[in-house]
Amino acid sequence: MAIVKWFRRFKAAVWLTWKEQSNWTNPIIYALYTSITPFFSVLVYAYIYIAIAFLSGLVDLNRAFYLVSGVALYNFIGSGLYGLIWTVHSEREHFRTLKYTYLAFPSLHLYLMARSFYQFIVGLIYTIIMFVVGLYLTGYPVYNLNPDVIEVIILIILGYIWSSQLGIMVAGSSIFSSEYGPLISEAVGGILFLVGAVLYPVSALPPFIRPLSNLFPMVEWMELMRHALNRNYMVSNIGQLHSMLLLKTIIYVGIAIIYFRIVEKLTREKGYLEATLHH
Amino acid sequence: MRRGRSTWNRFIRPAIGRAYVRIKGGNREPSWILWEIILPMIMIASVIWAYENMGAPPIFKGFVILGGAMMSYWYNVLWGMGRTLYWEKETGNLELFLLSDSKLPGLLLGMALGGMFNTSIRSLAVILLGVYVFKAQFILDTVPIALLIFFLTLVALYGLGLGLSGLHVVYGRMGVRINEALDEPIMFLSGQYYPITSFPLLLQYIAGLLPLAIGLDGVRRALLLGEGFNQLYLHVIILMVLTVVFYLLGLRMLNKLVEIGRRDGRLILRWL
């Protein structure tokens, strides 16, 4: 019965997010609206490749795949992460409902996870649109992909787990600061974009920044996702990448649970649930 | 004489007053400025390293830095006006403004000027960091024409922002959503990270309707390719035309939307 209750709570928070995000609009209009952003977003990055091909004549389809898949996959992680962290900010600052949520919902950790789940789903839709449109634009032969569907699904679930736990930690930190909450969320998203093998491999980074990429499971996840989507994309030490991804995910879950419990306790003690900046 | 004083009191004074608040508010915490420089730099660095990884010529570094620096004006000036107005509505200040004798375009001018000042500090820092960290090179002989194009771009953005701000006042959160939906198409059409000459011709014509795309292209041509007034006079003319057209259309749209807001009782409606 406990699991039924758990799912009922989870579903309620997901439904609330859907209503709030779609602003109670027609689902078809909302679907069209949400497809604008990924469509143009991938155009922005695909044109980085196209501009070089157009102006310098440098054509390399493997690089096109790397860039398009990186940007598309980043949206899955980024959308969920931003959505999760932004929940704290919007509920406390804009709508001033965080304290009521805290009173009504049995677990703030679960509530944030559920609120972010919707964002991850939207992020996944973004990813699919961007991947298909991006590959088409850059002229990559889509029929060559040969994806391993089971591995893709497993990796998506793992991606949701580690990035939502990263989001929980960052959201927890943002409770302590009304001023810096949104900035922290953008900074974490930006750092993942910078060091997460999104537009280029880690080896393209200056040596002093490279160690930063080891803090996150992003590089392993990106590389494995690329390989799962396209068997022609070769990765070295695939076994090591799998174990590192799994290990880092477990560590993230453990730290997030402990950290958020401490944060929750301090938040109640200091009254931060209703501390607003009053925009 | 009376008309002149009236314009001063109803248009310029609210503009100065609102610009002061935005400048003071935006810079009262030095660490915010630092964050607002670092965050765009992260994205700029990512794209520069992506270009380097693909073996692009060094001139692309300048393209990316100028694109990143100028795109901030779209968010902070144009949408900054609308978003600030939305928050004024949410916090209850908008009704006070509307009850006073001040002109709404004056108030919006103040928001735009404040946004321009704040963004300029950050953008200048981004460019200087770009020069220092990424060794981007700019041609300084053509700075005057670049500044003229830049100035005209900002004036045209103000005109466009007038009309779009009305969406925030009347439609509240829906206005915010429209704003968000337009961000990516504008980034793409303005050529944030690449020259718009790499677009097909039809897309170049569409981009030509956006002041930011014309302005960014002009500034890039001046500072990166060393083109002067003789090569860039068309940019200047287009921007001047866009300035007049957007100002007139923007003003009309704002007045119409405020009228709708008054009629439907939406001007004091919050949380929607």
Side-chain angles (χ1 to χ4, degrees), chain A residues 20-25 30 32-56 58 60 63-64 66-67 70-71 74 94-96 179-180 182-184 186-187 189-196 198-201 203-206 209 278-279, chain B residues 25 29 31-32 34-36 38-57 59-60 63-64 67 83-84 86-88 90-91 133 171-174 176-178 180-199 203 271-272:
Chain A
E20 191 245 328
Q21 285 296 307
S22 64
N23 211 14
W24 284 264
T25 194
Y30 185 66
L32 286 172
Y33 164 82
T34 43
S35 59
I36 294 172
T37 300
F39 180 77
F40 283 95
S41 186
V42 77
L43 283 177
V44 170
Y45 290 100
Y47 252 86
I48 290 176
Y49 170 80
I50 294 169
I52 294 183
F54 178 79
L55 296 170
S56 313
L58 299 166
D60 183 345
R63 283 198 170 140
Y66 193 96
L67 190 130
V71 174
Y74 173 80
H94 299 175
F95 307 119
R96 304 189 182 181
E179 293 167 319
Y180 296 104
L183 292 174
I184 294 169
E186 281 191 43
I191 289 169
L192 284 181
F193 194 78
L194 187 80
V195 303
V198 178
L199 299 180
Y200 41 80
S203 57
L205 284 167
I209 297 180
H278 191 74
H279 275 79
Chain B
E29 174 57 54
S31 63
W32 290 353
L34 196 67
W35 275 96
E36 285 161 12
I38 291 171
L39 291 176
M41 274 312 287
I42 291 176
M43 295 309 285
I44 288 171
S46 302
V47 178
I48 288 180
W49 285 328
Y51 269 129
E52 277 183 354
N53 184 49
M54 285 191 276
I59 197 169
F60 275 91
F63 268 98
V64 176
R83 270 199 311 269
T84 315
Y86 171 65
W87 283 115
E88 299 288 15
E90 290 290 300
T91 52
V133 177
Y171 297 110
R173 264 216 320 270
M174 199 199 291
V176 177
R177 294 281 185 261
I178 294 170
E180 286 170 0
L182 283 177
D183 278 352
E184 303 289 335
I186 297 299
M187 270 172 76
F188 167 64
L189 286 170
S190 300
Q192 186 178 8
Y193 297 132
Y194 38 78
I196 52 172
T197 46
S198 56
F199 284 163
L203 270 186
W271 284 31
L272 283 173

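Hydrogens, waters and symmetry mates play no part in the numbers below; they use all other heavy atoms, side chains included. Per chain, numbering begins at 1; letters A, B, ... match sequence-line order.
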Would you indicate whether the side-chain heavy atoms of [Y] and [X] approach each other to under 4.5 Å?
X	Y	result
F40(A)	M187(B)	no
L199(A)	N53(B)	no
E180(B)	Y33(A)	yes
P185(B)	F39(A)	no

Does any heavy atom of chain A fall under 4.5 Å from the side chain of [X], the backbone, both, or neither of them?
X	result
E29(B)	side chain
F60(B)	side chain
M43(B)	side chain
V64(B)	neither
W35(B)	side chain

Interface residue of largest heavy-atom contact number with chain B, from [options], under 4.5 Å:
options	answer
I48(A), V195(A), L183(A), T37(A)	I48(A)
I36(A), T25(A), I52(A)	I52(A)
D60(A), L194(A), T34(A)	L194(A)

Y200(A) and W49(B) aromatic ring geometry - parallel, tilted or perpendicular at 30°/60° bounds: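 Perpendicular, since the angle between the ring planes exceeds 60°.
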Part of L32(A) lying under 4.5 Å from any heavy atom of chain B: neither
Atom group of Y45(A) that falls short of 4.5 Å from chain B, counting heavy atoms: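 Contact with chain B: side chain only.
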Between L43(A) and Y194(B), what is the shortest heavy-atom contact and its length?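 Closest approach of L43(A) to Y194(B), heavy atoms only: O-OH, 4.4 Å.
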What option among R177(B), Q192(B), E52(B) has the most heavy-atom pairs under 4.5 Å with chain A?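 Among the listed options, the one with the most contacts to chain A is R177(B).
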Rounded to the nearest 0.5 Å, what separates atom OH in Y47(A) from atom CG in L189(B)? 10.0 Å
